[in-house]
Amino acid sequence: MPFSVKQREYFDNANRRWNFKTGATRSGKTYMDYYVIPKRIRARIGKPGLAVILGVTKSTIERNILEPMRNIWGTDLVGEINSQNICYLFGERVYCLGAEKVSQVSKLRGSSIKYVYGDEVADWNEEVFEMLKSRLDKPYSCFDGALNPQGPNHWLKEFLDSDFDIYCQKYTIFDNPFLDKKFVENLCKEYEGSVYYKRYILGEWALAEGLVYPMFSREKNVVGGEVEYKRGHQYYVSIDYGTVNPFAVGIFDFDGRSSTMIKELHYSGRDRDRLDNEGYYSKLETLIGDLPIEYIVVDPSAAGFIETIKKYGKYIVKGANNDVLNGIQEVTKYLNYGLLKIHESCTETLKEFQQYAWDDDKPEDEVIKENDHHMDLIRYYIWTVARQLNRWIV
């Protein structure tokens with residue numbers, strides 16, 4: 001496969017101690033590194049110091065770096081990570097370590113490092129990166145890294161704007177001439193109107209501010225009409241559990257492509273008598289009625305309520321995946337595609353869409369933990385259920 005202009009530019013000009021490619025997803029940032037890494041390793045064979053590949057986890061290193069390199073260079077030149085976290089690459093012993101926690105790279109403390117490749121650097125633990133600064137101590141030591149930008153107050157952005165010996169190249173999605181135009185159009189549509197468009201399409205260090213879902217619209221995402229059972233559809237329930245905070249339930253109708261929240265329950269222990277798990281279960285059963293439910297997903301912290309549902313044996317229940325930021329990103333896609341709709345009778349849910357906001361005072365992406373109970377149950381459903389049903393979405 002030929003190289004893009006931006007890729008060739010990096011290969012020819014990234015000759016500093018710190019070399020970075022930042023920018024959009026699928027913009028071709030990492031592909032060039034499958035050729036940069038062997039170039040760097042071969043140039044330092046026999047010289048003192050360790051060679052290292054750092055990623056968020058060892059599994060992401062395997063998926064993002066080693067497996068694609070193996071497909072290009074073969075298994076003789078690109079080995080597997082062994083039990084000592086070592087992989088043999090192009091004749092050199094290379095440590096492959098996760099950088100999500102500083103404890104995972106503790107073995108590098110006190111070591112001299114001649115080369116580091118960094119994958120998804122913005123997702124690392126900051127202490128890991130700080131440790132590297134003192135370990136790249138040879139005249140020939142250098143670092144290559146790729147990342148998707150996050151907020152403008154991120155610790156790595158501060159480093160990239162400093163006067164260190166840095167080469168930094170920015171990519172947008174449009175810098176990759178090898179992507180199918182329809183794919184690019186779909187990707188732009190997925191993130192339209194959100195902070196993710198600025199970050200993952202335009203490659204900007206953008207602040208998450210204002211409403212979390214500004215693309216939500218009544219025209220595209222709200223439906224009316226009679227709520228009734230439809231043969232051939234599948235029905236799922238998602239629950240955000242609260243005792244003093246609201247107990248929120250949503251029932252979703254999946255028609256084979258799109259999901260519609262057709263019923264909601266909102267019970268606040270602040271406004272009325274507090275209920276125990278048995279009381280909540282009774283209300284849940286009434287809300288479901290005769291609908292055939294595939295299974296229920298529940299806030300994973302609500303272990304007691306999950307056991308109550310299991311005790312009666314009427315419904316299959318699972319703990320939801322509570323990955324907040326990835327879940328929000330996925331809900332954004334569904335809203336933009338028009339694949340998530342809310343019935344007009346779900347008034348508490350519709351109200352929260354107009355109130356659910358980013359916390360502008362936090363340095364990293366965090367939502368304000370108010371007016372979020374129905375937003376949480378929607379996120380549980382989309383991230384735990386719908387993305388398994390809609391595998392065609394990017």
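Since this is a predicted model, take the numbers as computed values, not measurements. Residue numbers start at 1 and run along the sequence shown. The figures here come from the full heavy-atom set of this structure, side chains too, leaving out hydrogens, waters and symmetry mates.
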Please give me the minimum heavy-atom distance between [X] and [Y], naming the atom from each residue.
X: C188; Y: I201; result: SG-CG2, 3.9 Å
X: T349; Y: M375; result: O-CE, 3.7 Å
X: Y191; Y: S194; result: O-OG, 2.7 Å
X: R42; Y: I45; result: NH1-CD1, 3.2 Å
X: K157; Y: D161; result: NZ-OD2, 2.6 Å
X: G79; Y: L89; result: N-CD2, 4.2 Å

Is [Y] paired with [X] through a side-chain N to carboxylate O contact shorter than 4.0 Å?
X: K311; Y: E278; value: yes
X: K189; Y: E192; value: no
X: D365; Y: R199; value: yes
X: K263; Y: D253; value: no

Exam field: side chain [X] to backbone [Y], donor-acceptor pair closer than 3.5 Å:
X: E330; Y: I382; answer: no
X: D33; Y: V36; answer: no
X: Q7; Y: G28; answer: yes
X: D175; Y: S27; answer: no
X: T260; Y: K341; answer: no
X: S134; Y: E130; answer: no

What class does the angle between the rings of [X] and [Y] fall in, given that below 30° is parallel, 30 to 60° is tilted and above 60° is perpendicular?
X: H374; Y: H266; result: parallel
X: F353; Y: F216; result: parallel
X: F129; Y: F143; result: perpendicular
X: W18; Y: F20; result: parallel

Is the number of heavy atoms from other residues, nucleotides or ligands within 6.0 Å of [atom1] ([X]) greater than 12?
X: D273; atom1: CG; answer: no
X: E344; atom1: CD; answer: yes
X: E228; atom1: CD; answer: yes
X: K198; atom1: NZ; answer: no

Walk me through whether T332 and Y196 qualify under side chain to side chain donor-acceptor pair (under 3.5 Å). CA-CA 9 Å; T332 296; Y196 304 112; 5.6 Å; no
Could you go through Y115 and D144, starting from their C-alpha distance and side-chain angles, then the distance that decides it, and tell me whether this counts as side chain to side chain donor-acceptor pair (under 3.5 Å)? CA-CA 8 Å; Y115 179 62; D144 290 293; 2.8 Å; yes
Under a 4.5 Å cut-off applied to non-hydrogen side-chain atoms, are N390 and Y334 in contact?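 Of all side-chain heavy-atom pairs linking Y334 with N390, at least one is under 4.5 Å.
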Any R17 side-chain heavy atom under 4.5 Å of S141 side chain: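 Answer yes - side chains close enough.
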Show your reasoning for whether side chain to side chain contact (heavy atoms under 4.5 Å, CB included) applies to L377 and F252. CA-CA 11 Å; L377 75 84; F252 293 84; 3.9 Å; yes
Is the centre of the [X] ring less than 6.0 Å from the centre of the [Y] ring?
X: F254; Y: Y236; answer: no
X: W73; Y: F90; answer: yes
X: F178; Y: Y31; answer: no
X: Y312; Y: Y281; answer: yes

If you apply the rule side chain to side chain donor-acceptor pair (under 3.5 Å), what do you find for Y171 with N176, and how did you get there? CA-CA 8 Å; Y171 286 68; N176 189 345; over 6 Å; no
Please lay out, stage by stage, how L132 and V52 fare under the test side chain to side chain contact (heavy atoms under 4.5 Å, CB included). CA-CA 11 Å; L132 284 181; V52 181; over 6 Å; no
When hydrophobic residues are tied together by side-chain contacts of less than 4.5 Å, even through go-betweens, does [X] share a cluster with [Y]?
X: V227; Y: V223; result: no
X: L350; Y: V331; result: yes
X: Y295; Y: V249; result: no

Give a yes-or-no answer on whether the side chains of [X] and [Y] include a donor-acceptor pair shorter than 3.5 Å.
X: Y229; Y: D290; value: no
X: N322; Y: R379; value: yes
X: N277; Y: Y241; value: yes
X: Y315; Y: E285; value: no

Criterion side chain to side chain contact (heavy atoms under 4.5 Å, CB included) on W205 and L160, from CA distance to verdict: CA-CA 11 Å; W205 293 83; L160 293 176; 3.8 Å; yes
From CA spacing to verdict: salt bridge (charged side-chain N to carboxylate O under 4.0 Å, His left out), R70, E67: CA-CA 5 Å; R70 226 172 270 128; E67 184 178 342; 5.8 Å; no
Does R135 form a side chain to side chain contact (heavy atoms under 4.5 Å, CB included) with L50? I'd like the steps, not just the answer. CA-CA 10 Å; R135 303 273 64 87; L50 301 180; over 6 Å; no
Verdict with supporting geometry, S112 and D137, side chain to side chain donor-acceptor pair (under 3.5 Å): CA-CA 6 Å; S112 178; D137 56 1; 2.5 Å; yes
Lys/Arg cation over aromatic F247: K283, 6.0 Å, 45° cone: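 Ring-cation test returns no.
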I need the single residue from N64, T57, T30 that forms a side chain to side chain donor-acceptor pair (under 3.5 Å) with D119. Which is it?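 It is N64, the one option of N64, T57, T30 that forms the side chain to side chain donor-acceptor pair (under 3.5 Å) with D119.
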